[in-house]
Amino acid sequence: MAGSIDDNHDFTLAILGGGSASEALIRELDNGSQRIVVFEPNLMGGECPFVACIPSKAMLHDRAVGREWPDAVRRRDDLVSHLDDGAHAEASRDRGATIVRARAELTAPGVVRAAGTTYHVDHIVVATGAESDIPEIDGLDADHARVWTSDDALTNSDQLSSMIVIGGGVIGSELAFIYSGFGTEVKTLESMSRRAPDLHPRVSELVEQTLGDAGVGVVNDADVERVELRDDGVTVRLGDGSAHDADVLLVAVGRTPRWHGIGLENLGLDPDDITVDPRGRLVSDRDHDVWFMGDAAGQDQYTHVANHHAAVVADHLSGSATRRYDDVVVPACMFTEPPMIVVGPTWADLDGDDDVVWAEIELDTARSATDRLGPGFLAVAARRSTEHVIAAHGIGARFDELTHALVVAIDGEVPIRRLARSLQPFPTVGEILGEAFTELERRLSS
Ligand SMILES: Cc1cc2nc3c(=O)[nH]c(=O)nc-3n(C[C@H](O)[C@H](O)[C@H](O)COP(=O)(O)OP(=O)(O)OC[C@H]3O[C@@H](n4cnc5c(N)ncnc54)[C@H](O)[C@@H]3O)c2cc1C
């Protein structure tokens, strides 16, 4: 069939979404090997620089240094360029990508439709991110002005007197920590029996203590039965008969990859059942040239993971094809004060594995005394069979900056014997690593 004037054959690669993953792929392919068109209906740069990582870390910092709410909001808004994505768009254009400011949809293999034009390309990359889940709770209406997601919490300028957070995970806890630090009375409701339920139980204890010390209400085993929404506030009713009132209800129960509304059905796929292989490529009977990156890949939802995915996809599109999504250890932090960290598999992943030994260390270095640091705890796991470190979980002052050494130890498969003999400078919080590695060596030899 002859192409219509709405057909475009100028590009070899179409990226749906202009977030961190997309920007990283454009950087990785800055060699002219692909002619790239990227579709983005909202902000080039996606959520991280505008409504996620950057504003949340800025507000956490300003909370810690005691800045007043209006000053913190001003600094946050400056830092996110008042939601102007010009610099992001320019950077991608400078690298040769063409930006189409529109939502895109897959219409057939190798075909993308956006803003009235049909694009025919060799490769399609889905980098559409994830969206906040809204649980099925009686009375909960996601469109009500008093029901917020993290986007609302990180663009709001009004000081609140009270907030209820449904969800005690990383995003809910960081936002609770921010708002309580600026004087909002915050209560967090979690359906599980402990916070960070996938990590070492001692980490959970200290996460709950951290939130409590910050004045955040911690309710576990919360069975939310009903939400009542009014113009002036919300009431949340739990199965135990208790009722909790607040100005605003923040819903932070998880985030689902954006697989709906992007035309996967047109390729014969079920958008509720997408599988991505370790190269990032869609698994399907028809071997579509479709790749999924970042939050849309349905794996760990972090910016550094999105960047890694882009490097792997670029590697495959460039024909080298040696890298995999699972060829790195994934570190993550919750940036409360003190921060919580996890590097590698969870406690739940390793539970019952007889080959695994743990060293469990309470934070008590000289620096804890000089700097009057609060309690902290680090658990580090190793395999008996290989004598390599495989995982670490902890919470303690400055632990976010310990993750790098742990990543190198795990990714580099450094023998425990070697790690136990490495020097840590005195007096630092990092001395806890020396203690943990020495304890692991002792356990492995006993
Ligand atoms: C509150 C919060 C705090 C966070 N803090 C951290 C942190 O400290 N550290 C960290 O590593 N991670 C953090 N994250 C996670 C991090 O923001 C994400 O993992 C990362 O931004 C994912 O990038 P992405 O490119 O996959 O998706 P996004 O950045 O979400 O980009 C996806 C883009 O796709 C676009 N899109 C959607 N549908 C279509 C379509 N049909 N056609 C075209 N475009 C479409 C969207 O408009 C969006 O811009 C945080 C997340 C939240 C919510």
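None of the values given here were measured: they were computed from a predicted structure. Count residues from 1 along the sequence. Whatever order the structure lists them in is the order used to number ligands and atoms, beginning at 1.
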Decide whether an N or O pair under 3.5 Å exists between Asn42 and ligand 1.
yes

To which of Glu131, Glu40, Lys57 does the heavy atom nearest atom 46 (C) of ligand 1 belong?
Glu40

Side chain, backbone, both or neither: which part of Glu105 has a heavy atom under 4.0 Å from ligand 1?
neither

What part of Leu154, side chain from CB on, backbone N/CA/C/O, both or neither, has a heavy atom under 4.0 Å from ligand 1?
side chain

Quick check on the 6.0 Å ring-centre criterion: do Phe177 and Phe335 meet it?
no

Indicate yes or no: does Asp133 engage Arg255 in a salt bridge with an N to O separation below 4.0 Å.
no

Min heavy-atom dist Arg255 to ligand 1 below 4.0 Å
yes

Is it the case that ligand 1 has an N or O less than 3.5 angstrom from some N or O of Met293?
no

Heavy-atom nearest neighbour in the protein, as seen from atom 34 (O) of ligand 1, with distance rounded to 0.1 Å
Gly17 CA, 3.3 Å

Is the distance from the ring center of His309 to that of Phe292 below 6.0 Å?
no

Arg230/Asp247 salt bridge by N-O under 4.0 Å criterion
no

If you measure from each non-hydrogen atom of Cys53 to ligand 1, which part falls under 4.0 Å: side chain, backbone, both or neither?
both

Could you point out which residue of Val328, Val380, Val329 forms a side chain to side chain contact (heavy atoms under 4.5 Å, CB included) with Ile410?
Val329

Within reach of ligand 1, part of Glu174 (heavy-atom separation under 4.0 Å)
neither

So does Glu185 have more than 12 non-hydrogen atoms from other groups sitting under 6.0 Å from CD?
no

Determine whether the aromatic ring centres of residues His393 and His200 are separated by less than 6.0 angstrom.
no

For ligand 1, which part of Thr128 has a heavy atom less than 4.0 Å away: the side chain, the backbone, both, or neither?
both

Between Asp295 and ligand 1, which part of the residue brings a heavy atom under 4.0 Å of the ligand: side chain, backbone, both or neither?
both

One residue to check: Ala114. Relative to ligand 1, which of side chain, backbone, both or neither has a non-hydrogen atom less than 4.0 Å away?
neither

